[in-house]
Amino acid sequence: MKILVVGGGGREHALCWKIAKSPRVEQLWCAPGNAGIAETAECLPIAADDVPALVDFAIAEAVDLVVIGPEAPLVAGLGDRLRAIGIGVFGPDAAAAQVEGSKAFTKALCDRAGIPTARYGTFTEPGEAKVFLDQLEPPYVLKADGLAAGKGVVIPDTQEAAEAEIDEMLSGKFGDASRTLVIEEFLKGEEASVFALCDGKTAIPLIAAQDHKRAHDGDKGPNTGGMGAYSPTPIADSRIVRQTMDEIVTPAVRTLAAEGTPYSGVLYAGLMIGPEGPKLIEFNARFGDPECQILMMRMLTDIVPYLKACADGELAMMPPVSWHGSAAVTVVMAANGYPGKYEKGTEIRGVDAADALDDVTVFHAGTIRDKDGRLLANGGRVLNITARGNDQREAIERAYRAVDLIDWPDGFCRRDIGWRALEHSG
């Protein structure tokens, strides 16, 4: 098969790394890719959201399957364009990608499908939004309806702060993404994510993971795209995964199919797990980043037949995915200042030494090479140091041993990734 992966972050490096292991792959491209991806796939100078250029390339090279990593090209309709010309796609079309592209769409889907979620209201006028706050207890969860690069959720502690935030968001704090606002009750519990493969009719579970969103140790500092993740997670065991499939994922897939919007690709269910079981916080229309990195490390099965089965509507014929019984953890190394202002172009050394450790893979999230072959930082989140171990403690120790081999004074990482798992294990 000829496969094109769309995207250029750590998630896409992990997907390319796993896809490249398949004996079914004849050629593998990634657009635009990065310095790490270039070691396993041919990188193309095409932006991930350049839909016409991606379609033209897929036609010219007779690509068999396009695996779409990030959400922006999904919401922009890349899948629709490719399916219309008979090219296989892993990822939903634009209508189904609204599960991520619009928080209001997903909340309404929860109502129609009977999916457990937080009480909510959807607003375009500040006055009505402020009145709704009276029905809730602080803290309040305010979400920009559209895509806001993972930064569109604000959790004010007081009604006064929430009212000020409502004014800012509905006035365009996040551009068009916050012209519509979803306000939710604050759910108590522990967050986790469950991933499922879907082909429009059928959904099969992958595994659960937990990530760390805050920038600094002790879950302090601003929210980020994710500073690390681990799997398995004590809070989301096999019983919770089954419950999530039965009460959240399968009802969503069946409802979307019945309404003429079949969902194909990976469905990421972000959960709050409390005394009443899992409740849906959000759906994402793609693999999580950095959760994808640990999923690919733990997956024993050749992923390519499953990607193709999702594209072809044949997932019901596939056996369950098999997994390493081991644990996996990924630690994100980010540029100093992230998620605020940060410098690009700083040199990184020692990655090869870290990558050479047993059961360690360094996925690149934001790197380039200069004309002399030096590895340079080219983003906020830059490296994902990913390790497997017999248990979480061993995986975490391996990951940080690798981190300590990397010489990058202009970067930082959290030193407590996986602390919840260690706390559970005693």
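Computed from a predicted structure; not experimentally measured. Numbering of residues begins at 1 and proceeds along the displayed sequence.
- Tested against E184, the residues K279, K107, R119 include a single salt bridge (Lys or Arg N to Asp or Glu O under 4.0 Å) partner, K107.
- Sparse packing is recorded around CZ of R254, with 12 or fewer heavy atoms of other residues, nucleotides or ligands lying under 6.0 Å away.
- No hydrogens or angles considered: nothing links the side chains of R214 and T224 as a donor-acceptor pair under 3.5 Å.
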Subject >> Step-by-step side-chain contact (heavy atoms from CB on, under 4.5 Å) determination, V89 to I68 >> reply: CA-CA 8 Å; V89 182; I68 305 172; 3.7 Å; yes
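- Under the side-chain contact (heavy atoms from CB on, under 4.5 Å) criterion, I368 pairs with L376, N378, not counting sequence neighbours.
- For CD of E160, the number of neighbouring non-hydrogen atoms (other residues, nucleotides, ligands) closer than 6.0 Å is 12 at most.
- No donor-acceptor contact under 3.5 angstrom links the side chains of Q210 and E291, judged on distance only.
- A perpendicular orientation is assigned to the rings of F195 and Y268, their planes being inclined by more than 60° (bins at 30° and 60°).
- A heavy-atom distance below 4.5 Å is found between the side chains of D219 and H212.
- Within a 6.0 Å sphere centred on NZ of K308, other residues, nucleotides and ligands contribute 12 heavy atoms or fewer.
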**OP:** List the steps, then state whether salt bridge (Lys or Arg N to Asp or Glu O under 4.0 Å) holds for R179 with D176.
**Re:** CA-CA 5 Å; R179 299 293 181 192; D176 288 341; 3.5 Å; yes
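- Atom CG of L357 sits about 5.5 Å away from atom CG of L405, to the nearest 0.5 Å.
- Atom CZ of R349 has 12 or fewer heavy atoms from other residues, nucleotides or ligands within 6.0 Å.
- Around CZ of R415, the count of heavy atoms belonging to other residues, nucleotides or ligands within 6.0 Å exceeds 12.
- Ring geometry, F363 versus H13: the interplanar angle exceeds 60°, so the pair is classed perpendicular (tilted spans 30 to 60°).
- A 6.0 Å sphere centred on CG of D111 holds more than 12 heavy atoms belonging to other residues, nucleotides or ligands.
- For the residue pair N390 / S326, no side-chain donor-acceptor distance below 3.5 Å is found, with atom types taken as modelled.
- Judged by distance alone, the side chains of T124 and T180 never bring a donor and an acceptor atom under 3.5 Å apart.
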